[in-house]
Structure formats: C-alpha cells, structure tokens
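A note on names: the letters A, B, ... follow the listed sequences, proteins ahead of strands, and every chain is numbered from 1.
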Amino acid sequence: MTKELPKAYDFKSTESRIYAMWEAGGYFKPWNDPNKPGFDPNVEPFVISIPPPNVTGELHLGHAMFVSVEDLMIRYHRMKGYPTLWVPGTDHAGIATQLMVEQNLLRTEEVTREELGREEFLKRTWEWKKKYGSIITTQIRRLGASCDWDRERFTLDDGLSRAVREAFVRLFEKGLIYRGPRLINWSPGLKTAVSDLEVEYSEEDATLYYFKYMLKDSNNFIPVATIRPETILGDTAVAVHPEDERFKKFIGKTAIVPVLGREIPIIGDEYVSMEFGTGALKITPGHDPNDYAIAHKHNLPIISILDEEAKVNENGGKYHGLDRFEARKQLWADMNEARLVIKTEPYRTTIPRSQRGGEIVEPMISEQWFVQIEPLAKAALEAVKDGRIKIVPERFEKIYFNWLENIKDWCISRQLWWGHRIPVWYCPEGHMTCTREDPTQCGTCGSKDIHQDEDVLDTWFSSGLWPFSTLGWPDETPDLKYFYPTSYMETGYDILFFWVARMIMSGLEYTGVAPFHTVYLHGLIRDEHGRKMSKTYGNVIDPLVVMDELGTDALRFTLLVGATPGNDMNLSVKKVESNRNFANKVWNAGRFVINAINTLQPGAEPGDYTLADSWIWARLQNLIRDVERQFQNFQYGQAGQQIYDFLWSDFADWYVEVAKGQLQDDATKHQTTITLARVFDMTLRLLHPFTPFVTEEIWGHLRSALRDSPLHDLHKSQPEALIVARWPTPRQAEGWEAEKIADFELIQEIVRSIRNLRAEKNVAPSRKIAASISAGAKANLLNEQSKVIASLAGLDHKLFTINSSLKDKPADSAALVVGSVEIYLPLAGMVDLASEKTRLEKELKEAGSHIQRLENLLNGDFAQKAPPALVQKERDKLNAYKETAEKIKAQLK
RNA sequence: GGGCGCUUAGCUCAGUUGGUUAGAGCGUCUCGUUUACACCGAGAAGGUCAGGGGUUCGAGUCCCUUAGCGCCCA
C-alpha cells in the first residue's frame, strides 16, 4: 500500500523533483530525432523557437507568460504524439547588456569602457555573460518549460555568428545593404544610432519659441516658431507656402541666421502649413526628417551642428561645446538681446525619446549601414496575405500590413562593442571588402592595409535569423532539414515589428520559406487595475515570489486562463491564490480516487454503470470534444476554464459525492472505482499542459496505486509519465448520452431544490429529514436513484417514498415542484402556511412569466423560421413550465 | 490625422459559425469540523451586457453611430 498522501498539495517539495524527473527521462527531446538511429523523416514534427530572453535578464511576468503559453502548446502536441522540439536560447541584447556591464564596471572598478579598450571590455562582457547568463534559463526551468536544453543557443555563439555573417554577406552581395550618410535617430546617452522602432514618442509640455528671421538688407522679417531654437544654428532656409499672401513676396529673397549671420534663401514649398505657428518654417535639414526631405527637394545644403554627445559642434560658432539644452538657453538670450525674440508660449507636443535610455533622441546626419527593406517587406507581406502565415488574433494582420507597407530602410549599424561586428573591411583607397571569411587583403586593390568597420549590428538583425540559425543554418544540418520551417511563433504583440516581421522577412529571404506557419500573439500583463507595472509605482509582481508562495501551476493557470489572445491581462495575486486552491483541489480529488483504489478488494466483477457513472462519462466526452475544438482555435483560456469547471463542479462536487455512496455498496464499488480512476486520469491529461506539476505528481500516485490494485489492467495501459501520456480523443457518441445527462440533471435539480429549502428553513445539515415524491413518469428513474437523492439532499432513506402519484397531499409539509415532479418535505412545526403560500406564489409567478414568454415566442414567426429542433426544444420547455404551474396551482388550493 | 482594442455582477474578467432564465473567480450575507480537500462544502443576494439606431423569428454576439478609456502608427 502507498503511504498516506499529505492533505495539502506541497508544490515546494514537488516541482523541482518532477522537473528533474522529466529532464532525466529525456521527455523534452523529440522522440523522432534526425541525428539518431531509427529516424523517420515522414513524421511531421511540432516546433517552436523560444523568444530568446536577454542573457542578462531576470525573470518577469512577460517571460512567465510566453513560457506558459508555449509550454502548453508543446505539451499538448507532445501528448498528441508529435515529435516536439522547443528550442531554447538567449539573446546577447547589445545595448541592454553593454549598458549593464558598463554600469557595473563604473561602480566596481570606476573605469569606463573607453578606458578599458574594446578588447578588454569584450572580455569582461563575456565573463559577465558566463557568470550571469544562466540565471534566466534556470528561472525559465522553474516555470516548467519543457525545452530541449541540449539544443540551447546564444545569439553570439559561433554557429549563430556564422549565420549572421552569411546573412549579411548575402544581402551585401545582392546590393540590399548599403552604407551612407543619412538622417538617423541618434541616442546621445548611448552614443549610437537607433532604428525608428527604438524611438518612442511621448506627449509632453514644451515651449514654442517665436522669433524674427530678418531679411538681408532690410528691416522686414518673417516670424518663425520653433520648439528647438538651438537648431537655428543649422538652418539652411526659411520656407513659406507659395500661396501665402503674407509671405510669398519674400520667396527668393535672403534671410540672415540669427547671431551667426549666415545668409540663407527663402523658399516656397507647399509642405508648409499656413495655419501652423506663424505660417513660416525654418529648415534644419541636419536635424529634422521633414526638413531633410525639403532640403533634398530644393538642393539645400545640410549642416550638422551636434556631436555624438549632442553638444554643439564647430558649426555652432560661439556655442561650440555647449550641451544642446544649454545652447538653446544661451542662444535665446542672445537673440533676445538682439531684439529678435517675439514671444514664447507653452506648447504640447510629441517628444522622441530613446526606448532604452529615455533621453531625447536627436535626428542627425550620420554614416550608417542600412538594409534596403522594400523587397524583403514585399515578400513578407505576401506570405501573410496568401495565408502561408496566419496571425492569431487576426486583427494583427492589418497592423502588420500597415507597418510593412510604410516601412523605411532599416538602420542596422550600432556604435556599440557588444554584438556582431559588421563584416566589412576598408583599405586606404576606401574600397569595401565583405566576405564570409575574414579577408587578409582588399578585395578590390589587394592592399594588405585593411581595417574592419568599427560598428556592430543591431541585435534584432541576429534575432531575425533565430528560427533557422538555431537549427544550424546556413548548413543543411539534419535538424534544419527536419525541424525547419518551425510551426508556431508565439510572442507578445509588442515585438510584432521588432522581431516577428523581421523573422518573416529574413526567413523568406535566406531560406526561401516562411519560418513558421502560425503567429500567436499574447497580450501584456498589467497590475490588477490595469496599470502598467513599474518599479516607481511599486506595483510590480515578481513571478519568482509568486511561484515561491503559491506554486508554479497556480501562476501558469492564472496566466493561461485569465487571458485571451492579443489582449492585455490584469493580474492580481488573488487570482493566483484561487488557482493555488485549484491545484489543491486536483490533489485532493486525486487523494480520494487513490484511496478508493487502495481499498478495493480483489475478485469482484465490475457491475453495470450507474446513472452517475454514465453521466460523468458523457460529460467527460463532451469536455474532451470542447477542449479539442478550443485548442484548434487557440482558445486556451476557454479550454482551461472548462476543464476547471468539469473537475471542480462535475467531478468533485457531484460525481465524487455520489461515488461515496456507490463505494459503500459492493454491487457498485468496483465499477465506481474504475470510473473514478479513468475519468480522473483523462481529466489530468487534459489539464497537464496548464498545470504540469501537480497533474504529473498526482498522476504518478494514481498510477502506482493502480499497479498494486485489482485494477492492474488500467495501470498497464498507462505510460511511465503523464508528460508522454496520450492526449484524450473524443469518442463517437453512442446515442445514450443525452438521456443520461438529462436524467442526472433532473436528480441535480431535485437535490438542489431540497437543499435550497433546507437552507431557507434553517434545517441543520446534520438532520436527516423525511420526504415523499410524486414523480409521475419519472417514478422509475427516481426510485432507482433514491439513495443518491437521499444522501445528497440529506434525506432519511427509510422515510423517503417515491410514487408515480400521491392520493393525498401530505399534511404539514412544504411542497417543491421540479418540472413534473412534486416533492413534499414534512417539516412539522417549521412550516408556516402563510410563508409557504408566498413562496409558491412567487414560483408560480416565475413559471407564469416563462409560459407567457414562450407562448409569445412560439406564436410569432419563430415557429416558422427557426430550426425545427430548436422550436421543439422551446415547446418542450413550455410544456414543462405549464406542468410545473399546474402542480403549483394544485398546491395552492 | 489614420488604425485598432476595450466598455458585461462591488472588483477582475470569460462568453468565436447569432439560439435555454448572460457565467466564473474574488468580495458580501446565511449555515456547516458529513473520514478527499476549511487552500473546503451547502445556500443566497448582486447585471436595462456603455448610450442610441438598424438587420433578424431571435443580438452581449452582426452592421451603423455617439461617448469614455487605452494602445499602435504618422
């Protein structure tokens, strides 16, 4: 006999042990492996590449979310029999990691990366990575992630670096990569260029500065307004609308740049809005994207006035060396002195800020590398439009289209050290050499005097290759051949552009196929009132703390069931708590089942199914069917909810309660135990992808209980672990199901109505009371179920009679009417005739309103136009209400 | 400026080919230590499904519109 199981599920002593068991058992690895003997290339695998977390990161709820969803997808497919592969790994995360290491160096050794030098700094960063890089993967394991850890990859490891190199060289050779001075977003804090996506716009209070642009040799001026006066230093024109009556006379004349005294032209361009500001626009092509476009159109010179720290450079005259904001102040003061100032006013505008550093980003002219994105974007658009890739939920397809249709070239160079260095070498002649192997001489002139480009690639360039680079690309490895393209891409919608779109573009470009066929996007997690979690608010929920306190299953179940695809979810610890209770419920239902198995004596024949047995089976079949449908439609939350309801309400609250009686009876004990064991087993299977730990643990106990019991046959049909147990398949309905369900539901209604009355009349739960039932056509059914009704409703079975009709209505009793069934509870001394009358009248009124409603319905067009089956259903209902009403009326006489 | 999402019980949310009296968890109230579980059980209260209009035999669900909140893109 197995030892007594504790009353409460102890996740603390369970989770790590179960995880180790899974890993040791090799269950995380695909059963069909192209690198192993017996491999069958014709079996379709199911593959997900993990969204690689930052190697220096620490687990947050976003990770918990994607691990929960992806692990669910993986476990489900594994149980369905697919060879499943979930490829784990981490991202070097250029900016984030470099910043972290820099800050640490500054704090501990008081050195900057510049002082250390590139080589030494990289050495330190690798050391950092080795030291801390496994924290995140350890934490991901705690969530139960069933990844194939032997296939773990890192975006900067040798293989992936080779993939990056190959990808870059291919694009270069195709002419899709170019280098040149362009207006880019410059992050002065990070001292690097960033892509458009890495700039966030926030609406903030600013000041609009109005001033005079004096005309050359004249006292006339054009009033101009700007948010950034310091950019005046870089102005190369003043533009007005050609139709503007106020200013069009000035077109072609010359204006004088304040303080600097430079002469610039006044031009006409329809881009200028006559309504905005003063109706005239200063043109600073070196520091504004719109001005840059106008400058191109009018062949204006471009002047850059800021250096890499956003200090004014030599083009700023006397302001050279000042910080941009300091320069703004001084210049404005000087202009005030020169009587060029008109006024200032508060103004609300959008300010571009660096996603990473938070400081204001400056548009700047800079020499950078770009991917000519249009051809790639076109292919990526096609792949979703023609259905090769499906995005769930669908509405994100529109967003995806919109982005790709308006996409601009991708700035891929970063002025960082931590990352993949751009594989281009220059000779003194300025020739570029871009090769797969490091060159020793210039590919054009043969000069040995070559040096490599200093910049590294945008982190997302390497993550864009992730689904295939992790499988060995560019080599045609067995893994790549078998597992690529992958199946689902699951991630948060916030990186649809950053990552998903780029993977699709890269996948199509380099491998010729879409890297996955389905994109599933989950929402972001907010606090319980929908606020963003942030350290300053103090509303951050740490998944590690939650797991420590309430268990991994509880957290997973909360994330999976509380959310719908693509929608943000509000998380509260309360929800996790109630799901901790659910895990405990699973555990205890299991303890009950196991106890029944342990006390089963050998030799007995399984008897017939009772009504409850048939009912729970039929309900389980419905559940299996529903869950399957929901999984196909990515309705995981709905599926989880239904399993929860089945286990808690149908199985625990009803079936187990009935089973307690059936286990007392030798005639039904055996079959009841079988039903308990099998239904519970199936339920655990359905639940396993949601709450893997508690289900695996209790299933293990169930299995060993079966092994040592007369139900050994059931044990033999089980595999050695739930993680690899077969996913339940719905059976063909056999025809009896609906009737058994209806019959049992009648029992439930009778029981509920008796319980209700008892509660109303304050009958002590321990007190067994008498009852007599007039059951009409249901007399046989109720007689068969009399024990069930008696025990669930607290009736004294000896004082409980069921007849098809009663000659006399029992005196001094309360009457209940359930459909055509009348129930009399003789509650001597407790029945107050007046209140009984009120109660029955209330019920009659309710039945009457239903009758009214249904009669109206059936007399209308509904009867002609609705499906006949539905009409019949409503007719039956009407008849039932009529019958109920009749019975109540009889009571009231 | 363009697009998208949300608005359902006190709180947080489910509700996907339109079809019972709109559900759950938490919270509230009443009762209960019935040997699986008090991390529990039984019962109860609580909703004009944001407002308006339309399509339909039938609308929380589809269409139009208004408002509030949130997000994305420019």
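Residue contacts shown for Trp654(A) are absent, as no nucleic acid heavy atom lies under 4.0 Å away. Within the nucleic acid shown, Ala863(A) has no heavy atom closer than 4.0 Å to any nucleic acid atom. Using a 4.0 Å heavy-atom distance criterion, Val561(A) is classed as making no nucleic acid contact. The residue Arg752(A) sits close only to the backbone: its heavy atoms come under 4.0 Å of sugar-phosphate atoms, none of a base. Within the 4.0 angstrom heavy-atom criterion, base atoms lie near Glu657(A). Among the heavy atoms of the strands lying under 4.0 Å from Asn756(A) are primed sugar atoms or P, OP1, OP2 only; no base atom is included. Across all strands shown, Ser766(A) has no heavy atoms under 4.0 Å from either base or sugar-phosphate atoms. Contacts of Asn584(A) with the nucleic acid, taken as non-hydrogen atoms under 4.0 Å apart, include base atoms. If you check every strand for non-hydrogen atoms under 4.0 Å, Phe11(A) touches nothing. Contact annotation for Arg755(A): backbone-only contact, meaning every heavy-atom pair under 4.0 Å involves sugar-phosphate atoms and none involves a base. Within 4.0 Å of Asn579(A), counting heavy atoms only, lies no atom of the nucleic acid at all. Within 4.0 Å (heavy atoms only), Tyr644(A) reaches sugar-phosphate atoms of the nucleic acid but no base atom.
Between C39(B) and Ser578(A), no contact under 4.0 Å exists linking OP1 or OP2 to a side-chain N or O. In this structure, Trp648(A) reaches the G41(B) phosphate: one of its side-chain N or O atoms is under 4.0 Å from OP1 or OP2. An OP1 or OP2 oxygen of C40(B) is reached within less than 4.0 angstrom by a side-chain nitrogen or oxygen of Asn581(A). Contact check, Lys574(A) against C26(B): no side-chain N or O comes under 4.0 Å of OP1 or OP2. OP1 or OP2 of C72(B) has not a single side-chain nitrogen or oxygen of Asn402(A) nearer than 4.0 Å. OP1 or OP2 of G19(B) has not a single side-chain nitrogen or oxygen of Lys873(A) nearer than 4.0 Å. Residue Lys7(A) places at least one side-chain N or O under 4.0 Å from the OP1 or OP2 atom of C37(B).
Rounded to an integer number of Å, the gap from CG of Asn567(A) to P of C72(B) is 15 Å. When the C1' atom of U20(B) is taken as reference, atom CG of Leu858(A) falls 13 Å away, rounded to whole Å. If you take CG of Leu524(A) and P of C4(B), they are 19 Å apart, rounded to a whole angstrom. Across the protein-nucleic acid pair, Glu749(A) atom CD and U21(B) atom C1' stand 12 Å apart, rounded to whole Å.
With P as the reference atom, G70(B) and U12(B) are 15 Å apart, rounded to whole Å. Rounded to whole Å, the C1' atom of U66(B) lies 36 Å from the corresponding atom of U28(B). Spacing between U56(B) and A44(B) at atom P, rounded to whole Å, works out to 40 Å. Between U8(B) and G47(B), the two C1' atoms lie 7 Å apart (nearest whole Å). Taking atom C1' on both A38(B) and A42(B), the two are 13 Å apart, rounded to the nearest angstrom. For the P atom pair drawn from A24(B) and C63(B), the interatomic distance equals 28 Å after rounding to whole Å.
For Tyr636(A) and Tyr520(A), the ring centers sit closer than 6.0 Å to each other.
Relative orientation of the Tyr644(A) and Trp648(A) rings is tilted, given thresholds of 30° and 60° on the angle between their planes. Ring pair His701(A)/Trp587(A) is perpendicular by interplanar angle, where above 60° counts as perpendicular and below 30° as parallel. The aromatic rings of Phe582(A) and Phe557(A) lie tilted to each other, with the angle between the two planes from 30° to 60°.
Between Arg625(A) and Glu628(A) there is no salt bridge, since no side-chain nitrogen of the basic residue lies less than 4.0 Å from a carboxylate oxygen of the acidic one. A salt bridge is defined here as a Lys NZ or Arg NE, NH1 or NH2 lying under 4.0 Å from an Asp or Glu carboxylate O, and Arg556(A) with Asp553(A) fails to meet this definition. Salt bridge annotation for Lys882(A)-Glu855(A): present, with a cationic side-chain nitrogen under 4.0 angstrom from a carboxylate oxygen. A salt bridge links Glu874(A) with Lys877(A); the closest basic N to acidic carboxylate O contact falls under 4.0 Å.
Distance from the side chain of Ala866(A) is smallest to G19(B) among G19(B), A14(B), G25(B). Of the candidates C73(B), G15(B), A36(B), A36(B) carries the atom nearest the Phe592(A) side chain, counting heavy atoms from C-beta on. Of the listed nucleotides (U12(B), A36(B), U21(B)), U12(B) has the atom at the smallest distance from the side chain of Lys575(A).
For RNA chain B, each stem of at least three Watson-Crick or G-U pairs (distances under 3.5 Å) is given as range with range: B:1-7 with B:67-73, B:10-13 with B:23-26, B:28-32 with B:40-44, B:50-54 with B:62-66.
Mapped onto RNA chain B by nearest heavy atom, Asp653(A) and Thr564(A) fall at different nucleotides, with Thr564(A) at the one closer to the 5' end.
With a 6.0 Å cutoff to the six-membered ring centre and a 45° limit on the axis angle, Arg619(A) does not count as a cation-pi contact of Trp654(A).
The number of heavy-atom neighbours closer than 6.0 Å to CD of Glu374(A), taken from other residues, nucleotides and ligands shown, is 12 or below.
One cannot find a donor-acceptor pair under 3.5 Å joining the base of C4(B) and the side-chain atoms of Arg395(A).
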